Amino acid sequence: MSELALIIEDDEDLASIFAEALRGVGFEVEIIADGQAAQERLQNGIVPFLILLDMHLPHISGADLLTNIIKKEDQFSKTIVIITTADARMGEAYNEEVDFVMIKPISFVQLRDLTSRLKPKG
Amino acid sequence: MNSLNRFLTISTTDADDIRRRRILNILVMSIVALSLLAIVISLVSVYFKAIAWENVDLIVIGSLTTILGMLLVYSINTRFSGRIAAVIFLVFLTIVFAFSDTPQQVSGGRSLFGFAIPIIMASILLVPWSSFVFSSISGIIVSVLALSVNSVPNSPAIIGFFVIALVSWLSSRSLEQALKELRTINANLDHVVIERTKALAESLERERIEAGRSQAILNSIADGVVVFDTSWNAILANPALTGMLDLPLELIVDKNFRDLIEHPKLSPRSRTLLRAMMEYDTQPPSFRIEWDQKTLSISAAQVYDYTKDRFANIGTVTVFRDFTREAEVEKLKSTFVAIVSHELRTPLNAILGYAEMFKEAVYGPMNDKQINMSERIMKNTQRLLGLINDLLDQAQMEAGKLTIQMAPVRPAELLENLHSILDQSAHDKNLKLTSEIDDSLPEVLNGDAARLHQILLNLVSNSIKFTEHGIVHVRLFSPYRNRWGIEVSDSGSGIPESEIPYIFDTFRQVEGTTTRVHGGFGLGLSIVKQLVHLMDGDINVKSKTDVGSMFTITLPLVIPEENIEKWRIG
């Protein structure tokens, strides 16, 4: 069974590009476009192998999701977290808290190459 | 005393005349008083039978006659003429003395001295030289009396009269001259006082007009103006300020600025700013505060006055300007910039992503032309993103929102990032992009990594853009102990000398045509310069047409605390 990658991104096109890159590497992909929905999904017991989290989301911001759930709950301790933001300053601010920070614009190839290195072999 | 004074004084305009007639009155009154005293003493003596009436009848009758004569002199003196009164008085006195004793005694004996009195008085009561007239009269009387008793006229006495006349003439004359001079001085003094008073009144009036004009100007200024003394007491304010703050003038003028700062309408941040303005002599040229719903711009300047040979600080003049509308526009602008930044970048990111997917043949094989086309889409999208970033940076810098955040930075990492991004562009143009780090530079230093990266990226991509063959070289170094620098040199087309002063201007490229050849807004170098200045650094350029250009940036070198020891040992 392939690992689950959760993409939390409100822009449909970006989400589909990211999904294509991750699927290309061999992840099973789930896309959530809304902060509120993402919070419910994460609280429902889903534990993804990797989360690609946009910091600017409707209803509940990515920053809140990160601080209040992902970094708080034990079950996500092994989950790889990549945040995406257009704000380089914000990226720097969260550099220590997450595994990777990607500053928009995010390249398809860059994301694909990074995640392929992260995915366990086999 | 006043009534006595009135009794003695004669109202006329000639000061000398007044003086003389006054003296005459005093003499007349004294004689009247003496005569009254003589009558009283005589009558009392007779009453107590100490003396017989026959012995004093002449004294009483003489005294009464004297009193009547004196009253006549007094009335002539006060009502008619001082001179005539004085002449009558003196003649009377002379006659009295002439018949006051036996002719022998008067002409050469004990009563001779009596004549000196009218002689001296004449110079005082009439004109000074009249003493000679009375000395002559006295001389004649004495001679006549002497002859009448068959005696020789007393020539030493007559000479003595003239000597007395001479002395009293001299003293009266000098007294009158002194008085005259005194009067002239007084008159001059009066004149000077009048002139001075007039000048003072004029200058006061001028000042009043001037002050009125200044107040009128102050009142019609649209900006709020308040002037504080050195203890920050408001000494004056204009109506515009009261309108701006919505406070009556009484709550501003004569109040201390500290009271105004505590007003609840002022935001806490503004309070801090205003306190800083009061506490430190050096203020920013202008800053903004929030008062109620308003944004006010404040500029303060010290007032200096040149007094006692030096400039003294006499207070602070503070100008308030209503900045509410401008502040709203600025806020709108920054919101707009934030939205645009997100809304423009997101679709561009999508275009970039899809183009990459084509290039990577995600949905099946692509031919060379298709791959080339996706590459062109990607390149143009990157360019568009770059332009948007430049515009946003420029907008942020104009709004003063762009700040520098210092953190430990590895120079080597800066170069690695640069190579990873620009190696391809250099390679595409057949250029060599090389770099080096001098031994003089520490491994870690304090800096804003993102902004340093941006500076390098801008300078190096600029060099690549304007270089057709050869190399682009980057060198990081430390010229002095507390500075470090970035040097970017190329073998490109160079910059004409006449254009060098303008290359850091906003929206500018060398010569009008190059914009079309090379594209771009011409914002890159302007942003670099502004960033360098934000970092307290300097930027210089050396260039020679067709040989190349070299940009040199120097920045303050600060080594992070935790690396200092290591750096010293190293």
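Worth saying up front: this structure is predicted, and the values here are computed from it rather than measured. A note on names: the letters A, B, ... follow the listed sequences, proteins ahead of strands, and every chain is numbered from 1.
- Nearest heavy-atom pair across A:D13 and B:A350 is CB-CB, 3.6 Å.
- The 12-atom threshold is not exceeded at CZ of B:R376, counting heavy atoms of other residues, nucleotides or ligands nearer than 6.0 Å.
- Crowding of A:E12 atom CD: a count of heavy atoms from other residues, nucleotides or ligands under 6.0 Å not exceeding 12.
- A salt bridge does not link B:E356 to A:R112: none of the charged nitrogens lies less than 4.0 Å from a carboxylate oxygen.
- A:Q43 CD: more than 12 foreign heavy atoms inside a 6.0 Å radius.
- With a 4.5 angstrom heavy-atom cutoff, B:L385 touches chain A only via side-chain atoms.
- Taking a 6.0 Å sphere around CG of B:D368, one finds it holds 12 or fewer heavy atoms contributed by other residues, nucleotides or ligands.
- No other option in A:A86, A:S107, A:G24 has as many heavy-atom pairs under 4.5 Å with chain B as A:S107.
- With rounding to the nearest 0.5 angstrom, the CZ atom of B:R345 is 12.5 Å from the CG atom of A:L14.
- In B:H533, the NE2 atom is crowded: over 12 heavy atoms of neighbouring residues, nucleotides or ligands sit closer than 6.0 Å.
- Between the OG1 atom in B:T346 and the CD atom in A:E9 there is a gap of 7.5 Å [rounded to 0.5 Å].
- Separation of atoms CD1 (A:I17) and CG (B:N349) is listed at 6.5 Å; rounding is to 0.5 Å.
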Apply the test side-chain contact (heavy atoms from CB on, under 4.5 Å) to residues A:F108 and B:K359: give CA-CA distance (whole Å), side-chain angles for both, the deciding distance (0.1 Å), then the verdict. CA-CA 10 Å; A:F108 171 84; B:K359 190 183 165 232; over 6 Å; no
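- Sparse packing is recorded around CZ of B:F358, with 12 or fewer heavy atoms of other residues, nucleotides or ligands lying under 6.0 Å away.
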